[in-house]
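The next block holds one structure in the form of structure tokens; read it before the comments.
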Protein chains: 2
Amino acid sequence: MASIKDVAAEAGVSVATVSRVLNDHPSVSADARARVLAAVEALGYRPNAVARSLRTDQTRTLGLVISDVMNPYFTELARSVEEEARALGYSVIIGNADERPDLQDHHVRTLLDRRIDGLLVSPTDGGSPLMLDAARAGTPMVFVDRWIPGVDVPVVRADGRAAVQDLVAHLHRLGHRRLAIIAGPAATTTGSERVEAFREALGACGIDLPDVYIGQGDFQAESGRRVTEGFLDLPEPPEVVFAADNLMALGALDAVRARGLRVPDDIALAAFDDIPWFVHTDPPITAIAQPTGELGRAAVRALVDRIEGRAPRSVTLPARLVVRRSCGEDGHDGENSARNRSQS
Amino acid sequence: MASIKDVAAEAGVSVATVSRVLNDHPSVSADARARVLAAVEALGYRPNAVARSLRTDQTRTLGLVISDVMNPYFTELARSVEEEARALGYSVIIGNADERPDLQDHHVRTLLDRRIDGLLVSPTDGGSPLMLDAARAGTPMVFVDRWIPGVDVPVVRADGRAAVQDLVAHLHRLGHRRLAIIAGPAATTTGSERVEAFREALGACGIDLPDVYIGQGDFQAESGRRVTEGFLDLPEPPEVVFAADNLMALGALDAVRARGLRVPDDIALAAFDDIPWFVHTDPPITAIAQPTGELGRAAVRALVDRIEGRAPRSVTLPARLVVRRSCGEDGHDGENSARNRSQS
DNA sequence: TACGGCGTTGTAATCGATTCCACGAGGAGG
DNA sequence: CCTCCTCGTGGAATCGATTACAACGCCGTA
């Protein structure tokens with residue numbers, strides 16, 4: 001592969017001049033510029049980003065470490081992150097932690113070794129020393145979706161509090177009183193926050209959240225299934241199951257269906273994180289939708305601000321409730337209402 | 001960030017010795033090794049991968065350019081690719097082309113600039129000159145899922161021919177005779193092959209595939225919706241719609257539902273590419289499942305073989321039919337059969 | 001005692017860029 | 001006509017690693 005030296009030789013100038021043309025530095029004669037450009041064209045030369053990074057000490061690359069690529073929420077997040085980064089002239093390297101702290105550390109380490117300019121993280125656990133050290137050492141970093149308390153790193157996330165209140169109000173209006181939640185890992189902020197929001201919202205309606213109605217999941221489908229089975233085995237099973245993410249909702253749906261029960265007639269179901277597929281499940285699932293794309297874009301902007309020496313800001317965007325049929329009828333939704341109601 | 005020089009100074013040896021310890025070269029005294037290791041520990045030193053890559057001319061990184069991250073099929077592919085690559089000591093940088101040739105080229109160019117060791121591509125179009133040049137120039141490359149004919153690059157893919165025959169036989173047995181397909185872009189191999197396989201399979205049953213029953217999609221949900229609407233507007237609409245990927249199937253489902261029609265009673269639906277959500281749609285969707293994980297792993301192995309100087313092999317794995325309820329009842333599937341049959 | 005070989009170590013070149021500094025040519029002003 | 005400044009250019013240092021080569025000390029053997 002042709003190097004800058006080859007181009008210099010071909011154009012009959014020094015490498016310094018070639019470099020100047022490539023970085024359009026002002027003081028290059030029109031003649032030299034033309035000759036260099038012609039040589040670049042003739043050789044199909046492309047600058048070696050590795051060498052450039054070594055010299056300039058910047059890679060124009062962002063690292064994104066997410067908890068689970070197979071989760072459509074994170075996929076969408078990754079997509080919007082890459083888009084915004086590209087618009088700002090950066091590339092993105094994605095690391096998938098699969099909800100495993102060791103894998104998360106592996107990716108953080110690899111990204112740091114590659115000298116990425118900044119790190120976007122949705123932490124899998126409460127605090128990998130590696131990440132904390134990196135943050136302290138001055139690596140530009142922004143948390144997205146989940147974060148680690150007590151670390152001086154900007155956070156870009158959605159606030160689901162209001163939406164959870166709307167959800168609980170909706171459920172209460174439908175007559176549900178025994179509500180259970182499939183929680184995420186307590187080590188993650190989204191894991192614990194969603195339970196707290198749920199408990200508070202229930203409290204506002206005068207409803208209690210007993211411990212047996214809090215199932216411990218891990219944001220994966222299988223745990224949703226397991227926890228839901230536990231709920232269904234209870235002497236007094238809940239009337240509603242609220243899954244703290246979409247994958248666990250999928251698992252819950254599996255479990256319910258395996259018992260030969262129906263949603264929402266036998267048990268209602270709702271989820272945090274809305275995804276396109278929820279429109280088409282049987283029944284369509286009521287969910288709390290995050291402004292995922294905005295979150296990704298805001299996170300990149302914050303990180304790039306930090307990298308380029310501007311003051312990054314934390315951002316909190318509201319989530320909103322999207323009512324569908326998985327909790328029962330609420331007086332809206334035309335076509336199938338009559339049929340569903342007559343069955344219940 | 002500490003460099004190899006700092007470590008050398010701290011340990012009281014030369015950088016050469018430090019490098020030798022780090023790459024565990026045999027001729028280093030136990031004493032020197034211990035001192036270096038201690039210095040590394042004390043300084044929290046990590047080798048700069050950029051500098052190392054410049055010198056050794058290898059990045060131990062694979063590029064993966066896929067057509068659409070939001071498509072669960074490609075997400076799963078990406079995941080398995082990363083896993084296998086990690087097991088072999090490589091990292092992966094994913095580029096999402098979003099089915100756009102210009103974006104695909106952007107990513108290929110960026111990856112090449114970064115001097116990745118090899119490229120895994122699922123091409124969006126029939127032949128980006130950039131990619132062809134790179135292949136000719138000797139960049140290790142492997143096509144996965146889709147490929148470009150006439151290029152000397154190993155291909156790792158699934159053969160859906162038999163599964164499509166099974167599908168058509170299944171549909172025929174259910175009494176369907178007017179079958180339509182939502183095709184992918186003709187520029188992609190999967191786009192054209194699936195139509196051909198479908199046409200052949202129909203032919204074997206003595207059924208014709210008229211042009212009006214071939215809708216042109218682009219592997220995105222929206223096109224599935226549009227094409228399906230066209231089918232439904234036909235004087236004689238098809239009894240079955242077969243979508244060449246899962247996203248277009250989602251769009252088709254949208255379109256059918258928007259008309260107030262029901263699957264499978266009013267129209268049957270099947271898709272290429274099975275995904276976890278198909279179990280939970282209303283109704284569960286009959287699909288052709290690819291061995292996605294195996295495909296990803298085989299592709300990485302082929303690419304790494306090529307990189308490390310072994311002869312890479314093309315791999316073709318069979319896809320298989322997964323029958324669910326979206327095409328009507330086939331004598332299996334317990335719980336809801338009676339109810340569904342009574343409605344038709 | 002001298003010499004050959006082995007094990008260990010350091011010096012320095014190198015990868016492909018960027019960029020500081022110096023130098024020469026040419027124009028403006030005194 | 002000489003001086004000074006600007007503009008365009010090239011030489012060379014540099015980033016952080018790897019590695020060829022040379023050198024050194026030490027041991028065993030002739």
Side-chain angles (χ1 to χ4, degrees), chain A residues 1-40 43-61 89 91 109-117 137, chain B residues 1-37 39-40 43-61 89 109-117 137:
Chain A
M1 185 147 282
S3 83
I4 195 170
K5 269 188 213 149
D6 304 315
V7 177
E10 171 87 11
V13 297
S14 72
V15 294
T17 300
V18 176
S19 176
R20 277 189 277 258
V21 171
L22 264 30
N23 297 285
D24 42 36
H25 188 85
S27 76
V28 183
S29 68
D31 175 58
R33 159 164 289 117
R35 292 220 307 287
V36 168
L37 260 20
V40 165
L43 298 174
Y45 169 75
R46 293 248 83 212
N48 183 328
V50 175
R52 191 200 293 257
S53 294
L54 176 60
R55 183 58 235 248
T56 60
D57 199 37
Q58 52 161 322
T59 49
R60 294 207 70 85
T61 301
S91 299
R109 201 184 324 270
T110 314
L111 291 167
L112 256 22
D113 284 356
R114 277 160 192 277
R115 301 302 193 263
I116 44 133
D117 293 340
Chain B
M1 186 147 283
S3 83
I4 196 171
K5 270 188 212 151
D6 304 317
V7 176
E10 171 86 10
V13 297
S14 73
V15 293
T17 301
V18 176
S19 176
R20 280 189 273 257
V21 171
L22 264 28
N23 297 286
D24 41 37
H25 189 87
S27 75
V28 182
S29 69
D31 176 57
R33 160 164 288 118
R35 291 221 308 287
V36 168
L37 260 18
V40 165
L43 299 174
Y45 168 76
R46 294 248 83 211
N48 183 328
V50 174
R52 190 200 294 253
S53 294
L54 176 61
R55 183 61 236 250
T56 60
D57 198 37
Q58 54 161 320
T59 49
R60 295 207 71 86
T61 301
R109 202 185 323 271
T110 314
L111 290 167
L112 256 22
D113 285 355
R114 277 161 193 275
R115 302 301 193 262
I116 44 133
D117 293 340

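For the numbers below, each heavy atom of this structure counts, side chains included, while hydrogens, waters and symmetry mates do not. Letters A, B, ... mirror the listed sequences (proteins, then strands); counts begin at 1.
For A:I4 and C:dT19, the CD1 to C1' distance is 11 Å, given to the nearest whole Å. Atom NE2 of A:H25 and atom C1' of C:dA17 are 16 Å apart (whole Å). Between A:R35 atom CZ and D:dT9 atom C1' the separation is 11 Å, expressed in whole Å. The CG atom of B:D57 sits 14 Å away from the C1' atom of D:dA17 (whole-angstrom rounding). Atom pair A:R115:CZ and D:dC15:P shows a separation of 14 Å (rounding to whole Å applied). The CE atom of B:M1 sits 13 Å away from the C1' atom of D:dG16 (whole-angstrom rounding). A:R20 has its CZ atom 8 Å from the C1' atom of D:dG10, to the nearest Å. One atom, CZ of B:R52, and another, C1' of D:dC15, lie 16 Å apart when rounded to the nearest Å.
B:V50 comes within contact range of no nucleotide atom at all, as no heavy-atom separation falls under 4.0 Å. Among the protein residues, A:A49 comes within range of no part of the nucleic acid, since none of its heavy atoms lies under 4.0 Å from any strand. Across all strands, B:V18 comes closer than 4.0 Å to no nucleic acid atom at all (heavy-atom distances).
In this model, the phosphate group of D:dG16 is not approached by any side-chain N or O of B:R55 to a distance below 4.0 Å at OP1 or OP2. Contact check, A:K5 against C:dC15: a side-chain N or O comes under 4.0 Å of OP1 or OP2. Distances shown here put a side-chain N or O of A:S29 below 4.0 Å from the OP1 or OP2 atom of D:dT9. Under 4.0 angstrom from either OP1 or OP2 of C:dT18 there lies at least one side-chain N or O belonging to A:N23.
Checking D:dG8, D:dT19, C:dT18 against the side-chain heavy atoms of B:S19 singles out D:dT19 as nearest. Each of D:dG16, D:dT9, D:dT18 was ranked by its minimum atom distance to the side chain of B:T56; first place goes to D:dT18. Across C:dA17, C:dT18, C:dA12, the shortest atom-to-atom separation from the side chain of B:V15 is found for C:dA12. Between D:dG16, C:dA17, D:dG8, one nucleotide has an atom nearer to the side chain of A:Y45 than all others, and that is C:dA17.
Between A:D31 and A:R35 there is a salt bridge, with a side-chain nitrogen of the basic residue lying less than 4.0 Å from a carboxylate oxygen of the acidic one.
No more than 12 heavy atoms of other residues, nucleotides or ligands shown are found within 6.0 angstrom of CG on A:D57.
Map A:A16 and B:T17 each onto its nearest nucleotide of DNA chain D; the residue landing nearer the 5' end is A:A16.
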Should B:R115 and B:T61 be marked as a side chain to side chain donor-acceptor pair (under 3.5 Å) after you check the CA-CA gap, both sets of side-chain angles, and the distance that decides it? CA-CA 8 Å; B:R115 302 301 193 262; B:T61 301; over 6 Å; no
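For the atom pair B:R55 CZ and B:S19 OG, the distance stands at 10.0 Å (nearest 0.5 Å). Rounded to the nearest 0.5 Å, atoms CG (B:D117) and OG (B:S53) are 8.0 Å apart.
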